[in-house]
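Each chain gets a letter, A, B and so on, in the order the sequences are listed, and its residues count up from 1. Heavy-atom basis, side chains included; hydrogens, waters and symmetry copies ignored.
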There are 2 protein chains.
Amino acid sequence: MKNNRTAYVILGMLSIQPNLSGYELHKAIEENFGSFWGESYGQIYPSLKSLAAEGLIKACQPTPSSKKRRQEYSLTDAGRTCLREWLAQPFQNDPPRNEFMLKLFFGHEAAPGVALMHVREVQRRNRQMLATLEGIETMAREAQSENPKKPYWMLTLGLGLALTRAALDWGESALEQLSAMETEKVQKTQPSEGKPVANQA
Amino acid sequence: MKNNRTAYVILGMLSIQPNLSGYELHKAIEENFGSFWGESYGQIYPSLKSLAAEGLIKACQPTPSSKKRRQEYSLTDAGRTCLREWLAQPFQNDPPRNEFMLKLFFGHEAAPGVALMHVREVQRRNRQMLATLEGIETMAREAQSENPKKPYWMLTLGLGLALTRAALDWGESALEQLSAMETEKVQKTQPSEGKPVANQA
DNA sequence: CGTGGCATGTAAACGGTTACATGATTTA
DNA sequence: TAAATCATGTAACCGTTTACATGCCACG
């Protein structure tokens, strides 16, 4: 296991919520890390196999209460040690990939209105993201447990919120600038239509 | 060509700066898009070949002034059209990958001081990023050209700046919280040493 | 002349997604 | 019983990085 972050995400998830199956891991990762990490089944299931083979997790039968047939896993001591070692390593900066920023940068090359459309869309997605994160925040506050892990979760959540809000603020002013710019451009290209009375056939 | 964003990055770069070689493209992408996109030589050179084969770019001999032997490329009309079509498509959200946030989330599982170390490191990297972006901003302001592309560049730059500053602000308060939390933890684990007079042998 | 950096490339390995296949369980 | 959803998995494909190979040019 060299650069296999999937494995560590699984170890980490099992460290806070034992006895999960592949399916549940996928769901838990989506729900908890959705704003900063993702894994697909195609990564999870093979990783579970190899982690079990290495003795870092072990398969266990589902709790009797659960009716469904499924394979659950839990962390071993070796797995916990391995997770801790990884945590202590410097984190790596993943290569940046933001297609929105790319398309915005090339905005002048695009047809009039395209950049504006992309900004509106990014605002929509970020508002959605903000709602999700605020939902998590509310739930966490209501739970108000003494769980010692919670401060770390709240810090992480706080960064997600801060970044999303910053993006939304930027979007506000970008919309203003762009609508000024691009209506100008449209006026040059296709002069104003007067009042459109008729409509499409 | 289906999901090949490398190709579009190249087309876009050539649309704003014609006659670039693979090496120069790599440098230009690094310098201009460094905060939101990256490409490696292993992607660039093969893409140049296939783009040329499709007629979206064409190879041209270096300007006589340039002494070095190298293959330069420029955009064709077909290439420009292709770029425009891509720009008008909705952008895709790339899967989030932020290893820092992952390690912070698991902070309680790590040895005392580890989370703090990671936050200090992320602050360091973000300060570096901020300096780079502010450098670009300064240069752009001084140039103060009438280039119609510039507003789009400045908007993109503005988002990069906003996100970086938000991350730095968050980091400030995270450092405070964490240093309070983790010194507590250390005190419980290894009670205070008094004044260390002797040192390591 | 030799060394170091510039410049161009390629092959292999890897990480990751997608599409597909399958069966079991719940709900209508 | 039919349809939807839960759950597990696999194979193929694709995008990407990494490591390696190579030759040119400038400079000491």
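Taking the side chain as every heavy atom from C-beta outward, B:Asn4 and B:Tyr8 never approach each other to under 4.5 Å. Looking only at side-chain heavy atoms (C-beta outward), A:Gln17 and A:Glu24 stay at 4.5 Å or farther from each other. The closest side-chain heavy-atom distance from A:Phe36 to B:Leu102 is below 4.5 Å.
Ring geometry, A:Phe91 versus B:His118: the interplanar angle exceeds 60°, so the pair is classed perpendicular (tilted spans 30 to 60°). B:Phe105 and A:Trp153 have parallel rings, their planes meeting at less than 30° on a 0 to 90° scale where 60° marks the start of perpendicular.
For A:Asn4 and C:dA13, the CG to P distance is 18 Å, given to the nearest whole Å. When the C1' atom of D:dA11 is taken as reference, atom CD1 of A:Ile44 falls 18 Å away, rounded to whole Å. Between the CD atom of B:Gln92 and the P atom of D:dG15 there is a distance of 11 Å, rounded to whole Å. B:Glu72 has its CD atom 17 Å from the C1' atom of C:dG9, to the nearest Å. For the pair B:Leu51 CG and C:dG9 P, the interatomic distance rounds to 14 Å; values are reported in whole Å. Going from atom CZ of A:Arg70 over to atom C1' of D:dG9 covers 16 Å, rounded to whole Å. To the nearest angstrom, P of D:dA7 lies 15 Å from CD of A:Glu30.
Contact annotation: A:Tyr23 side-chain N/O to D:dT8 OP1/OP2 distance is not under 4.0 Å. Look at A:Thr6 and you won't find any side-chain N or O under 4.0 angstrom from OP1 or OP2 of C:dG15. At D:dG9, one or more side-chain N or O atoms of A:Lys49 fall inside 4.0 Å of OP1 or OP2 (strictly under the cut-off).
No side-chain donor from either of B:Trp170 and B:Glu172 sits under 3.5 Å from a side-chain acceptor of the other. With no hydrogens or angles considered, a side-chain donor-acceptor pair links A:Gln43 and A:Thr6 at under 3.5 Å.
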List, with names and distances, any nitrogen or oxygen atoms from the protein found under 3.5 Å away from nitrogen or oxygen atoms belonging to nucleotides 17-21 of chain C.
{"residue": "C:dT17", "atom": "OP2", "partner": "A:Ser40", "partner atom": "OG", "Å": "3.2"}

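Sequence order on DNA chain C of the closest nucleotides to A:Trp37 and B:Tyr45 puts B:Tyr45 first from the 5' end.
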